Amino acid sequence: MKSVRSIAELREQIQELKSSSHKKTVGLVPTMGYLHQGHASLIRAAKEKSDIVVVSIFVNPIQFGPGEDFETYPRDEMRDLAAAGEAGADLVFLPSVDTMYPKPTKTKIAVAEVTTGLCGASRPGHFDGVTTVVSKLFNIVQPDYAFFGMKDAQQVAVIQQMVFDLNFNVKVVPCPIIREEDGLALSSRNVYLSPEERSQALVLSRSLRETKAAIENGEIRTAREARELLVNKISESEMAVIDYVEVASFPELLTLQDGQPIMEREEPVLMALAVKFGRTRLIDNCLLSPKGE
C-alpha cells in the first residue's frame, strides 16, 4: 500500500498500477478518516469488486456548518493508514485542505429535493459540501465504483442522484450498516460518547429493530404508527434528545403521510432518525423491503 498527498501523484500512481499489470478497474472509498470496522467493510467490498482500491481520507471543511465539530473531529493518521492497509487498500489519498481547495471554491454541486429533509433540514448546506467534495474526488480518481455505507442513507441517495443527473461514469455501491455486537451503529463520532451516553444510545438500534418487527408482524401498518412507536421507544432514554424521526420512500426520500401503509408499497421504505446524547448527534436507520420481497 502507498500513501500520497498530491493530486498529481495520486493520478500517477493509479496510472502506474493500471499500466504495470492487468489491474484495470478502480474502486474508491471516500472517508473522513478515524477508520473503524465500518470503513474496513467498505474497503473489503471494494477489494472484492475492483482491481485497485483507493481510500481517501479528508475531513472536508465545507460540509461542516457553524458551531459543528470540524476542528475537533477525531483524526489519527497513523491508525488510519494501518487500518486501510489491513483491509486491503492499494492507495491512500491524504490531501490537505489547501490541496483540495487551493482557493475559496466558487463552484458547488447542489442536489435538490432529496437534500431538503432528514439531515438536510437540520444541517443546511451540509450536502452541498458533500456532493462538491465527492464530485472532486470522482474527477481526481476516475473510479469505476464508489463505496458508501448505508448508515448515511440520505448521503447514499444524494450521491446516487448526483451521479445520475450529471452522468458520472461511476457506479455507486451501497454497503450494509456495520454495528457493534450490542447493536450500536459504528461511527467515528462514537468516540465522543461518555460511557453512560453510549449505553443510552443503544435505544436507537433497539427502537428501529422493534418497530421493524412490529411492522412485519402486522401490529402497526401506517407511517404515523411507525413514527409514534419510534418516538415512544427512543423517549424511554432520559438522555435522548430527538432531532428527527422520519419514515420516507427510498431513494426518493419523500415523507410518507400519516395514514399511508408501509408494507404495501412498491419501493423500499426508510425509517431514519437523528438523536443527540449530550453533545453527540447520532444517526441510524432501517430499510424495509418493498412489497413482494
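Since we're looking at a predicted model, the values are computed, not measured.
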Student: Of all residues at least two apart in sequence or in a different chain, which pass the salt bridge (charged side-chain N to carboxylate O under 4.0 Å, His left out) check with K108?
Tutor: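 K108 satisfies salt bridge (charged side-chain N to carboxylate O under 4.0 Å, His left out) with no residue once adjacent residues are dropped.
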Student: Grab the two heavy atoms, one from I220 and one from A226, that are nearest each other, plus how far apart they are.
Tutor: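 Result for this residue pair: CD1-CA, 3.8 Å.
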Student: Could you list the residues that satisfy side-chain contact (heavy atoms from CB on, under 4.5 Å) with A223, not counting sequence neighbours?
Tutor: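 R227, V247, L256.
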Student: Thinking salt bridges, do R5 and E77 make one under a 4.0 Å N-O criterion?
Tutor: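 Salt bridge present between R5 and E77.
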Student: Tell me if a side-chain donor or acceptor on T132 pairs with a main-chain N or O of G129 at a distance below 3.5 Å.
Tutor: no
Student: To the closest 0.5 Å, what do you measure between CG (L81) and CG (L94)?
Tutor: 5.5 Å
Student: Please determine whether residues L270 and M263 belong to a single hydrophobic cluster, defined as Ile, Leu, Val, Met, Phe, Trp and Tyr linked transitively by side-chain heavy-atom distances below 4.5 Å.
Tutor: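 Per the 4.5 Å side-chain linkage, L270 and M263 are not co-clustered.
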Student: Are L208 and Y244 co-members of a hydrophobic cluster defined by side-chain heavy atoms under 4.5 Å apart?
Tutor: no
Student: Would a hydrophobic clustering, with Ile, Leu, Val, Met, Phe, Trp and Tyr connected at side-chain separations under 4.5 Å, put L17 with V54?
Tutor: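 L17 and V54: one cluster.
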Student: Say you draw a straight line from CD1 of I62 to NZ of K136; how long is it, rounded to the nearest 0.5 Å?
Tutor: 8.0 Å
Student: Counting N and O atoms only, with roles assigned by atom type, does the side chain of S50 sit under 3.5 Å from a partner on the main chain of V53, one being a donor and the other an acceptor?
Tutor: no
Student: Over all heavy atoms of both residues, which pair between I57 and G33 is shortest? Give the atoms and the distance, please.
Tutor: CG2-CA, 3.6 Å
Student: Does the pair Y145 and L28 meet the rule for a side-chain contact (heavy atoms from CB on, under 4.5 Å), with working shown?
Tutor: CA-CA 6 Å; Y145 306 98; L28 171 65; over 6 Å; no
Student: Between I177 and A185, what is the shortest heavy-atom contact and its length?
Tutor: CG2-CB, 4.1 Å
Student: Quick check: does any side chain N or O of E225 sit under 3.5 Å from a backbone N or O of T222, one acting as donor and the other as acceptor?
Tutor: yes
Student: Are more than 12 heavy atoms from other residues, nucleotides or ligands located less than 6.0 Å from atom CZ of R75?
Tutor: yes
Student: Would you check if the side chain of S199 reaches a backbone N or O of P195 as a donor-acceptor pair within less than 3.5 Å?
Tutor: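 The answer is no, because no donor-acceptor pair under 3.5 Å joins these two groups.
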Student: Treating Q260 as the side-chain partner and Q257 as the backbone partner, does any N or O pair qualify as donor plus acceptor under 3.5 Å?
Tutor: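 Yes: the side chain of Q260 pairs with the backbone of Q257.
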Student: Look at the aromatic rings of Y101 and F58 and report parallel, tilted or perpendicular, splitting at 30° and 60°.
Tutor: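 The rings of Y101 and F58 sit tilted, inter-plane angle from 30° to 60°.
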Student: Atom NE2 of H126 and atom CD of Q154: how far apart are they, to the nearest 0.5 Å?
Tutor: 7.5 Å
Student: Taking only Lys NZ, Arg NE, NH1 and NH2, and the carboxylate oxygens of Asp or Glu, determine whether D182 and R198 approach each other closer than 4.0 Å.
Tutor: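 Looking at R198 together with D182, the answer is yes, because their closest N to O distance falls below 4.0 Å.
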Student: Which heavy atom in M150 sits nearest to a heavy atom in N285, and how many Å separate them?
Tutor: O-ND2, 2.9 Å
Student: For the CE atom of M1 and the OG atom of S3, what is their distance to the nearest 0.5 Å?
Tutor: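 Reported to 0.5 Å precision, the distance equals 6.0 Å.
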Student: On the ring face of Y34, is R79 found with NZ or CZ under 6.0 Å from the centre and within 45° of the axis?
Tutor: yes
Student: Keeping T31 on the side-chain end and S56 on the backbone end, is there a donor-acceptor pair under 3.5 Å?
Tutor: yes
Student: Is it true that a side-chain atom of E197 and a backbone atom of S194 form a donor plus acceptor pair closer than 3.5 Å?
Tutor: yes
Student: From the options V203, V241, I234, T280, select the one residue that forms a side chain to side chain contact (heavy atoms under 4.5 Å, CB included) with V275.
Tutor: I234
Student: Does D144 pair with K49 as a salt bridge, N-O distance under 4.0 Å?
Tutor: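 No, this pair does not count.
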Student: Under the criterion side chain to side chain donor-acceptor pair (under 3.5 Å), I'd like the reasoning laid out for T99 against S96: C-alpha separation, chi angles, the key distance, then a yes or no.
Tutor: CA-CA 5 Å; T99 296; S96 66; 3.0 Å; yes
Student: Can you establish whether the number of heavy atoms outside E216 located under 6.0 Å from its atom CD is more than 12?
Tutor: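 Enclosed.
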Student: Take a 6.0 Å sphere around NZ of K47 and say whether it holds more than 12 heavy atoms from other residues, nucleotides or ligands.
Tutor: yes
Student: Could you report the tightest heavy-atom contact between A274 and I283, atom names first, then the distance?
Tutor: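 It is CB-CG2, 3.9 Å.
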Student: Counting only heavy atoms not in N169, do more than 12 fall under 6.0 Å of its CG?
Tutor: no
Student: Ignoring hydrogens and geometry, is there a side-chain-to-backbone donor-acceptor pair from E68 to G65 under 3.5 Å?
Tutor: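 The answer is yes, because a donor-acceptor pair under 3.5 Å joins these two groups.
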Student: Flag yes if V141 and I7 sit in one hydrophobic cluster, no otherwise; membership is Ile, Leu, Val, Met, Phe, Trp, Tyr, and two members link when side-chain heavy atoms are under 4.5 Å apart.
Tutor: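 Cluster IDs for V141 and I7 match.
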Student: Would you say that more than 12 heavy atoms from the other residues, nucleotides or ligands in this model lie under 6.0 Å from the CD of E219, or not?
Tutor: yes
Student: CZ/R179 to CZ/R209 distance, rounded to the nearest 0.5 angstrom?
Tutor: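 Answer for the CZ-CZ pair, R179 versus R209, is 8.0 Å.
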Student: Does a side-chain heavy-atom distance below 4.5 Å link S235 with I242?
Tutor: yes
Student: Out of curiosity, does L35 fall in the hydrophobic cluster containing Y192 (side-chain heavy atoms, cut-off under 4.5 Å, transitive links)?
Tutor: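 As far as the 4.5 Å side-chain criterion goes, L35 and Y192 are not connected within one cluster.
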Student: Kindly say whether N139 contributes a backbone atom to a donor-acceptor pair with the side chain of Q142 at under 3.5 angstrom?
Tutor: yes
Student: Rounded at 0.5 Å granularity, tell me how far CZ in F277 sits from CD in E196.
Tutor: 10.5 Å
Student: I'd like to know whether NZ of K24 has more than 12 heavy-atom contacts from other residues, nucleotides or ligands below 6.0 angstrom.
Tutor: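 Result for NZ/K24: enclosed.
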Student: Does K276 pair with D243 as a salt bridge, N-O distance under 4.0 Å?
Tutor: no
Student: What is the minimum heavy-atom distance between K212 and C286, and which atoms define it?
Tutor: CD-SG, 3.3 Å
Student: Should V29 and H39 count as side-chain neighbours, where that means a heavy-atom distance under 4.5 Å?
Tutor: no
Student: Out of F168, F148, F127, F164, which residue meets the side chain to side chain contact (heavy atoms under 4.5 Å, CB included) rule with I159?
Tutor: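 When side chain to side chain contact (heavy atoms under 4.5 Å, CB included) is applied between I159 and each of F168, F148, F127, F164, only F148 qualifies.
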Student: Side chain to side chain donor-acceptor pair (under 3.5 Å) for E236 and N232? Distances and angles first, verdict last.
Tutor: CA-CA 7 Å; E236 292 173 3; N232 289 338; over 6 Å; no
Student: Is R224 salt-bridged to E228, cutoff N-O under 4.0 Å?
Tutor: yes
Student: Quick test of your reading of the model: are D51 and K18 salt-bridged, counting only N-O distances below 4.0 Å?
Tutor: no
